[in-house]
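To find a chain, count down the sequence lines: A is the first, B the second, and so on, and within it residues start at 1.
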There are 2 protein chains.
Amino acid sequence: MIAATQSNHPLATVSDPVPAVSAMNEARARIRLAGLRITKPRLAIIDALLRRHGPSSTEHIHQEMGARRCDMVTVYRCLAAFEQLGMVRRSYLHNGTCLYELTLGAAARHYHIVCKACGSPERVDYLPVKGIEQLLQDRGYTEVSHVVEFFGICPKCQPATARGVSVTVPADLRA
Amino acid sequence: MIAATQSNHPLATVSDPVPAVSAMNEARARIRLAGLRITKPRLAIIDALLRRHGPSSTEHIHQEMGARRCDMVTVYRCLAAFEQLGMVRRSYLHNGTCLYELTLGAAARHYHIVCKACGSPERVDYLPVKGIEQLLQDRGYTEVSHVVEFFGICPKCQPATARGVSVTVPADLRA
DNA sequence: CGGTAAATTCCAAGTCTTGCATGATTATCA
DNA sequence: TGATAATCATGCAAGACTTGGAATTTACCG
Ligand SMILES: [Mn+2]
Ligand SMILES: [Mn+2]
Ligand SMILES: [Zn+2]
Ligand SMILES: [Zn+2]
């Protein structure tokens with residue numbers, strides 16, 4: 001999609017449970033297992049994702065790479081490769097751009113609601129799509145996957161005049 | 001998103017139940033009701049969507065407009081306006097580009113599975129997301145909406161060697 | 001039939017994707 | 001282990017898709 005542009009969304013990110021160094025080892029193992037190569041950009045990208053703790057834009061990942069920064073094209077291609085390996089999942093912003101999130105460890109599958117105003121993602125635990133993919137395979141489809149995404153205006157972004165009392169966001173939900 | 005490019009997906013489209021002329025009247029009514037203006041490009045775009053009977057790319061819509069063709073930018077903006085009015089809904093291809101589909105009449109909400117290879121969309125009747133939006137509103141979100149999209153390789157696009165017998169696509173499912 | 005606000009057009013910038021040549025990583029073998 | 005070759009990954013450049021702004025045109029209301 002894609003080119004939903006000119007949108008520098010400030011992305012709020014919250015804490016993440018993954019141990020860190022073991023996550024890195026798992027990532028390396030998965031890459032090797034798929035017959036892919038361990039390269040400096042790939043390690044740097046995974047490292048950046050680990051440090052960012054949550055859905056991140058390519059722009060932010062690129063910045064987080066610091067001195068180990070590589071070409072943007074490489075970021076896109078690595079993320080696409082990681083997605084195929086199931087190491088990364090993406091959320092879609094309302095304008096079509098994407099955020100990328102590591103899915104290492106035994107993290108439960110979950111979805112997100114993304115604010116249409118500020119772009120910040122919040123976790124949504126909701127697993128209703130199971131079984132549908134099997135149904136589609138019965139229809140003759142292969143390599144079936146799916147995307148579920150919620151959009152809305154988050155409490156912080158709502159005009160203060162609209163509702164006197166703003167609902168506080170449950171902080172125990174990590175994006 | 002997106003700029004997933006260089007992909008001229010041949011889009012299979014199937015039959016559509018909407019009466020045609022009444023759909024056009026409903027469209028005009030909805031536009032006026034929203035305080036928007038009835039313009040030649042908007043009518044031509046709706047007409048094109050009606051003739052195409054299903055999820056269509058901006059490229060195809062533009063071509064279908066024939067002599068009444070307008071600037072591509074106008075196509076994008078009209079579709080965005082229609083989407084906000086709830087007259088149009090979009091499907092996302094796996095590469096991030098979009099298909100646009102009219103939602104007039106009492107058409108039931110449904111989703112699509114889009115082939116990652118040829119981009120053809122097929123209808124998926126599946127309504128599990130009800131209630132979740134309400135839950136998110138309770139969290140403090142407003143203007144809540146969602147996207148559900150399935151991806152896969154359709155039977156036609158699978159390497160003939162893989163499976164000797166190819167499953168025929170149920171033709172009674174309109175995209 | 002004007003007057004006013006909105007929509008369209010043209011232009012340009014930003015984002016994402018793809019092709020091709022170059023460079024790096026891994027497997028193989030001495 | 002150390003060198004070589006095959007293969008994959010990266011960077012650069014070109015192209016496609018989408019969005020924003022300013023000026024012009026159009027629709028709608030008296
Ligand atoms: Mn998450
Ligand atoms: Mn449909
Ligand atoms: Zn927000
Ligand atoms: Zn296909």
Closest to the side chain of B:L36, out of C:dC16, C:dT9, C:dA7, is C:dA7
Roughly, in whole Å, what's the span from CD in B:Q84 to P in D:dT19? 12 Å
OP1 or OP2 of C:dA5 sitting under 4.0 Å from any side-chain N/O of B:R37? no
Pick one: which of A:E101, A:R89, A:E122 meets side-chain hydrogen bond (donor to acceptor under 3.5 Å, both in side chains) with A:H112? A:E101
Expressed in angstrom and rounded to an integer, what is the separation of B:I38 atom CD1 from D:dT26 atom C1'? 14 Å
If only side-chain N and O atoms count, and only distance matters, is there a donor-acceptor pair under 3.5 Å linking B:Y141 with B:E133? no
How about B:P121 and B:L99: do any of their side-chain heavy atoms sit closer than 4.5 Å? yes
Walking DNA chain C from its 5' end, the first of B:G35 and B:D71 to be reached, judged by nearest nucleotide, is B:G35
Salt-bridge test for B:D125 and B:R109: reply yes if a basic N is under 4.0 Å from a carboxylate O, no otherwise. no
Assert: residue with more 5' nearest nucleotide on DNA chain C, out of A:K40 and B:R69, is B:R69
Hey, is the side chain of A:R77 pairing donor to acceptor with the base of C:dG19 inside 3.5 Å? yes
B:I45 atom CD1 is separated from C:dA7 atom C1', nearest whole Å, by 11 Å
Output the rounded distance in Å from CG (B:L79) to P (D:dT19). 10 Å
To the nearest angstrom, how far is B:I61 atom CD1 from D:dC17 atom P? 13 Å
The nucleotide from D:dT10, C:dT17, C:dT8 with an atom nearest the side chain of B:P41 is C:dT8
Between atom CD1 in B:I31 and atom C1' in C:dT8, what is the gap in whole Å? 15 Å
Within the structure, does a side-chain N or O atom of B:T39 lie under 4.0 Å from either OP1 or OP2 of D:dT26? no
In whole angstrom, give the distance that lies between atom CZ of A:R28 and atom C1' of C:dT26. 14 Å
Do A:R52 and A:L102 come within less than 4.5 Å of each other through their side chains, counting heavy atoms only? no
Return the value, rounded to whole Å, for the distance between atom CE of A:M65 and atom C1' of D:dT10. 12 Å
Does a nitrogen or oxygen in the side chain of B:R32 sit under 4.0 Å from OP1 or OP2 of D:dC29? yes
Where the side chain of B:T74 is defined as all heavy atoms beyond and including C-beta, which of C:dT8, C:dC16, D:dC12 is the nearest nucleotide? C:dT8
